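Treat the numbers as computed from the prediction; the structure is a model and nothing was measured. Any value given below was found using the heavy atoms of this structure, including those in side chains, with hydrogens, waters and symmetry copies removed.
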Amino acid sequence: QLKLEDYKDRLKKGEALNQDQLEAVEKYDEVVHNLEFAKELQKTFSGLSQDLLKAQRKAQRRESLLKLEAEKKKLRTILQVQYVLQNFTQDHVQKDFKGGVNGAIYLPSKELDYLIKFAKLTCPERNENL
């Protein structure tokens with residue numbers, strides 16, 4: 001643009017310009033218009049880029065929250081299963097299942113022993129003082 005302005009000034013002062021320079025001066029307004037259009041496009045692309053970055057960050061946060069909720073759900077399930085299994089290590093619960101009383105179904109001793117062993121393997125001992 002500066003070069004074109006220089007050609008324009010030289011032409012006004014009466015200097016002779018070659019054919020290429022004259023054609024360039026004739027297209028000065030068109031070049032200025034194209035530069036303004038390019039600046040507007042750049043602003044538009046910059047805005048779109050910012051919007052895209054915001055959308056990506058929002059999607060990442062949402063994905064992180066979904067993963068966190070899934071992990072919480074898994075942990076709740078694990079804790080519930082551990083709680084149920086730990087109950088099998090209590091004498092009164094074992095008696096209920098051996099006899100099929102107090103709302104417990106009847107479990108043969110062998111199956112109950114398997115559950116008790118499994119509970120001891122999968123459920124760490126808790127320190128009730130903590």
Give a yes or no on whether [X] and [Y] share a hydrophobic cluster (residues Ile, Leu, Val, Met, Phe, Trp, Tyr; joining criterion: side-chain heavy atoms under 4.5 Å apart).
X      : Y      : answer
Tyr114 : Leu85  : no
Phe118 : Ile105 : yes
Val81  : Leu121 : no
Leu17  : Val31  : yes

Any side-chain heavy-atom pair from [X] and [Y] closer than 4.5 angstrom?
X      : Y      : value
Gln80  : Val84  : no
Glu30  : His33  : no
Gln19  : Glu23  : yes
Leu115 : Glu111 : no

Calculate, to the nearest 0.5 Å, the distance between atoms [atom1] and [atom2] belonging to [X] and [Y] respectively.
X      : Y     : atom1 : atom2 : value
Ser46  : Lys39 : OG    : NZ    : 15.0 Å
Lys117 : Thr89 : NZ    : OG1   : 15.0 Å
Leu48  : Lys43 : CG    : NZ    : 14.0 Å
Asp113 : Phe88 : CG    : CZ    : 12.0 Å
Glu63  : Gln60 : CD    : CD    : 7.5 Å
Asn87  : His92 : CG    : NE2   : 7.0 Å

Output yes when Glu69 and Lys72 qualify as a salt bridge under the 4.0 Å nitrogen-oxygen rule, no when they do not. yes

Could you give me the CA-CA distance, side-chain angles and deciding distance for Lys98 and Leu107, then say whether side-chain contact (heavy atoms from CB on, under 4.5 Å) is met? CA-CA 6 Å; Lys98 284 180 184 176; Leu107 284 177; over 6 Å; no

